[in-house]
Protein chains: 2
Amino acid sequence: MVRVLNGGATVSADRTERVIRAVKELDYVTNGVAAGLSRGRTGLLGLLVSDIANPFTAQAARGLEDEAVRRNYQVLISSSDFDPGREAQILKSFARRTVDAVALMSTGEAAEGVQRLIRNGIPTVLIDRRPPDVLSVPLVRTDSLSAARDAVRHLIALGHTDLGMISGPPGMATAAQRLAGFRAACTEAGLRVRPECVREGFLGSEGGHRAMLEILDLPVRPTAVFSFNNMLAVGALGALRERGVHLPEDLSMITFDDTDLFPFIDPPLTAIAQPAYEIGSAAGKLLFDELDGIAGPAAGRDVVLPTELRVRRSCAQVTATRAADRIQ
Amino acid sequence: MVRVLNGGATVSADRTERVIRAVKELDYVTNGVAAGLSRGRTGLLGLLVSDIANPFTAQAARGLEDEAVRRNYQVLISSSDFDPGREAQILKSFARRTVDAVALMSTGEAAEGVQRLIRNGIPTVLIDRRPPDVLSVPLVRTDSLSAARDAVRHLIALGHTDLGMISGPPGMATAAQRLAGFRAACTEAGLRVRPECVREGFLGSEGGHRAMLEILDLPVRPTAVFSFNNMLAVGALGALRERGVHLPEDLSMITFDDTDLFPFIDPPLTAIAQPAYEIGSAAGKLLFDELDGIAGPAAGRDVVLPTELRVRRSCAQVTATRAADRIQ
DNA sequence: TTGTACGCGTTATCAG
DNA sequence: CTGATAACGCGTACAA
């Protein structure tokens with residue numbers, strides 16, 4: 001029976017036919033758990049994300065899934081909610097389930113968990129960011145630093161000289177990189193960044209909300225703000241509305257990550273678009289290359305995908321008079 | 001060893017200690033596949049959605065996941081992309097993997113797949129919509145019909161008398177219900193709905209795009225349009241922009257589903273909010289009730305969650321003069 | 001308290 | 001081409 005179902009072997013015609021009929025009748029399905037135990041492969045991909053409800057994440061997940069479907073794989077998605085403890089649990093459960101490969105958007109403290117995975121010979125890739133002490137695992141990402149720098153240069157080209165940023169936890173690689181890009185652009189333009197204009201450690205839309213309120217409550221507001229990601233930007237929009245601050249007349253804003261709806265916001269949000277879906281599928285390809293033995297787990301396999309600065313209308317040109325206004 | 005790891009049995013102190021030390025040293029993790037085979041339970045929940053990248057879906061998935069995490073379960077998410085064939089495959093693979101329970105947002109033709117699940121004794125719940133011939137499985141949803149009717153009543157109260165709708169495939173229960181609600185509101189107000197103003201069969205944002213273009217190209221445009229869901233609405237916004245049609249002066253629009261960003265759109269979109277997260281967690285609770293033997297797979301367990309009409313500024317009052325304009 | 005043997009449903013291998 | 005059988009690693013029941 002096995003032979004007719006799994007194919008490959010040669011079976012007599014009548015036997016084949018009898019078997020398929022019986023299978024139809026009982027609508028028998030082979031037990032994948034038993035098969036997994038026997039073969040040592042489960043056909044499962046583990047995907048650890050911070051929050052599947054984040055559009056960027058969901059898109060990436062979709063990219064990975066589509067890649068998985070081609071090979072008859074399925075994806076086990078778990079959200080860590082930026083909690084390192086939770087992340088460790090999830091990674092452990094991936095190991096327990098002996099998923100065939102793992103992709104993860106780490107909080108930044110996943111070292112042990114990842115070590116276990118590679119020790120168990122489970123192909124692993126990082127998405128978006130690399131935890132400090134996890135080398136030897138490929139990473140699929142965009143160039144946060146230079147994308148952020150370009151975005152801030154755009155602000156500076158518009159005449160802004162007093163900039164602010166709302167950023168994520170310093171320990172998160174992308175947050176650090178985007179902040180570094182922000183500072184790099186300022187430095188090269190000879191601009192001083194007021195420390196109080198850089199608010200770090202925020203996550204999620206209500207994090208963005210709080211961060212923007214803090215900036216708006218500053219004695220002297222910056223004229224432009226750079227947001228670490230889409231979620232923070234959404235929260236920031238809420239804060240702006242509450243305070244009656246209008247983009248771009250009262251403040252300019254630019255954000256990392258783009259969304260279907262950013263073009264339709266009032267005003268359309270200038271944003272740095274990342275190819276989320278492609279990031280996910282690239283991660284999938286890397287994983288399958290390794291599973292197929294095409295590539296080893298060697299380093300040097302990082303994939304850097306391009307970003308695109310989409311200039312819309314949330315950033316205003318600073319006029320001489322307005323600059324003067326602020327000085328007084 | 002088993003006894004110390006799994007607890008329950010009584011084991012001598014030194015043995016316990018030696019075991020845990022050895023486990024630590026080798027960082028041994030029990031093989032979940034083998035355990036699953038032996039116990040007949042995998043600790044897996046299957047979640048079949050149309051598209052995990054849809055924000056509504058992602059939120060619901062998150063709700064289900066959070067409920068699952070409490071019981072040490074994980075969620076296997078698969079996107080059908082509204083393809084019945086794909087959906088059948090996924091359901092079959094859920095059966096093969098012997099997931100412990102399944103939640104699904106069906107395309108509408110999942111009868112066979114679901115039958116197999118219940119025959120195999122796998123607790124199953126429907127989310128959002130019930131395929132025509134699948135009874136005997138509980139459904140978690142909102143009241144599409146009355147929510148749609150209320151929304152359209154809102155339009156009518158504003159003075160609109162010539163309404164349009166862009167809807168999903170007629171075979172999708174929610175699409176049918178929302179359209180029915182639309183018609184009900186019109187009928188009770190004595191309004192005639194021009195057939196060409198009802199565009200059915202669209203999905204995804206580019207579906208919404210096409211549908212809205214069709215409406216805009218009508219010889220006589222309706223004054224207000226009701227959108228079946230969030231994705232269609234996003235596509236519709238793009239179409240409006242292309243054609244230079246402005247909400248709400250040139251056209252009023254209202255949509256099923258709300259989003260973080262709809263309040264910030266220009267103009268803020270009036271929308272019917274569904275508690276997506278709660279829908280997901282309710283589905284999870286139903287599933288676990290059945291797994292825990294608290295409840296049988298009996299019918300009558302449907303859960304209907306409330307919606308909320310969030311009136312913003314995408315719908316205009318129709319003035320007598322403007323109505324007159326159209327007549328000429 | 002501890003050791004041991006069997007079964008879970010496949011896959012893979014080896015004889016026939 | 002076909003049938004029989006040993007893993008796979010863990011639960012569980014039973015014996016010591």
Side-chain angles (χ1 to χ4, degrees), chain A residues 1-44 46 71-74 76 92-101 116-117 119-122 291-293, chain B residues 1-44 46 71-74 76 89 91-101 116-117 119-122 291-293:
Chain A
M1 180 193 73
V2 257
R3 321 200 209 234
V4 14
L5 288 189
N6 294 356
T10 33
V11 189
S12 64
D14 72 319
R15 229 176 197 12
T16 304
E17 206 242 334
R18 279 197 301 157
V19 170
I20 60 163
R21 195 156 44 81
V23 166
K24 274 251 158 70
E25 216 152 291
L26 312 173
D27 92 335
Y28 166 89
V29 288
T30 80
N31 182 322
V33 180
L37 178 59
S38 178
R39 291 213 269 188
R41 295 190 307 104
T42 52
L44 276 181
R71 334 271 172 130
N72 253 293
Y73 267 72
Q74 284 185 299
L76 196 54
K92 191 165 196 172
S93 80
F94 282 167
R96 220 187 332 256
R97 286 193 191 285
T98 62
V99 296
D100 292 347
R116 194 202 334 266
L117 292 177
R119 224 174 345 191
N120 292 18
I122 300 180
L291 280 174
D292 298 343
Chain B
M1 180 192 70
V2 253
R3 325 202 205 232
V4 14
L5 288 190
N6 293 356
T10 35
V11 188
S12 66
D14 71 319
R15 225 158 197 18
T16 303
E17 205 241 334
R18 278 198 301 160
V19 169
I20 60 161
R21 194 156 45 80
V23 166
K24 274 252 159 69
E25 215 152 293
L26 311 174
D27 89 338
Y28 166 90
V29 287
T30 80
N31 182 324
V33 179
L37 178 59
S38 176
R39 292 213 267 184
R41 293 191 307 104
T42 52
L44 277 180
R71 334 271 172 129
N72 253 293
Y73 267 71
Q74 282 186 301
L76 196 55
Q89 280 185 11
L91 254 24
K92 189 164 195 173
S93 80
F94 282 168
R96 220 188 330 255
R97 285 192 192 287
T98 63
V99 297
D100 293 347
R116 194 202 334 266
L117 293 176
R119 224 174 348 196
N120 293 18
I122 299 179
L291 281 174
D292 298 344

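Just so you know, these numbers use all the heavy atoms, side chains as well, and skip hydrogens, waters and symmetry mates. To find a chain, count down the sequence lines: A is the first, B the second, and so on, and within it residues start at 1.
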From CZ (A/Arg71) to CG (A/Asp292), nearest 0.5 Å: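 Atom-to-atom, A/Arg71:CZ and A/Asp292:CG are 6.0 Å apart.
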
I need the B/Leu44 CG to A/Leu76 CG distance, nearest 0.5 Å. 6.0 Å

Rounded distance (Å) that lies between atom [atom2] of [N] and atom [atom1] of [X]:
| X | N | atom1 | atom2 | answer |
| --- | --- | --- | --- | --- |
| A/Leu26 | C/dG9 | CG | P | 15 Å |
| A/Arg41 | D/dA7 | CZ | P | 21 Å |
| B/Asn31 | D/dG9 | CG | C1' | 6 Å |
| B/Arg18 | C/dT2 | CZ | C1' | 12 Å |
| A/Arg97 | D/dC10 | CZ | P | 15 Å |
| B/Arg39 | C/dC8 | CZ | P | 17 Å |

With a 4.0 Å cutoff (strictly under), does any side-chain N or O of B/Tyr28 reach OP1 or OP2 of D/dG9? no

Would you name the heavy atoms of B/Thr42 and A/Val33 that are closest together and state the gap between them? CG2-CG2, 3.7 Å

Scan A/Val33 against the nucleic acid and name what it touches under 4.0 Å (heavy atoms): base, sugar-phosphate only, or nothing.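 Answer is nothing: A/Val33 stays at 4.0 Å or more from every strand.
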
Please tell me if the side chains of B/Leu91 and B/Arg116 come closer than 4.5 Å, counting only heavy atoms from C-beta onward.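 They are not in contact (no side-chain heavy atoms under 4.5 Å apart), so the answer is no.
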
Heavy atoms from C-beta onward define the side chain here; which of D/dT2, D/dG9, D/dC10 lies closest to that of B/Leu37?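 Nearest nucleotide to the side chain: D/dG9.
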
Looking only at side-chain atoms of B/Ser38, point me to the closest of C/dT10, D/dG11, D/dT2. D/dG11

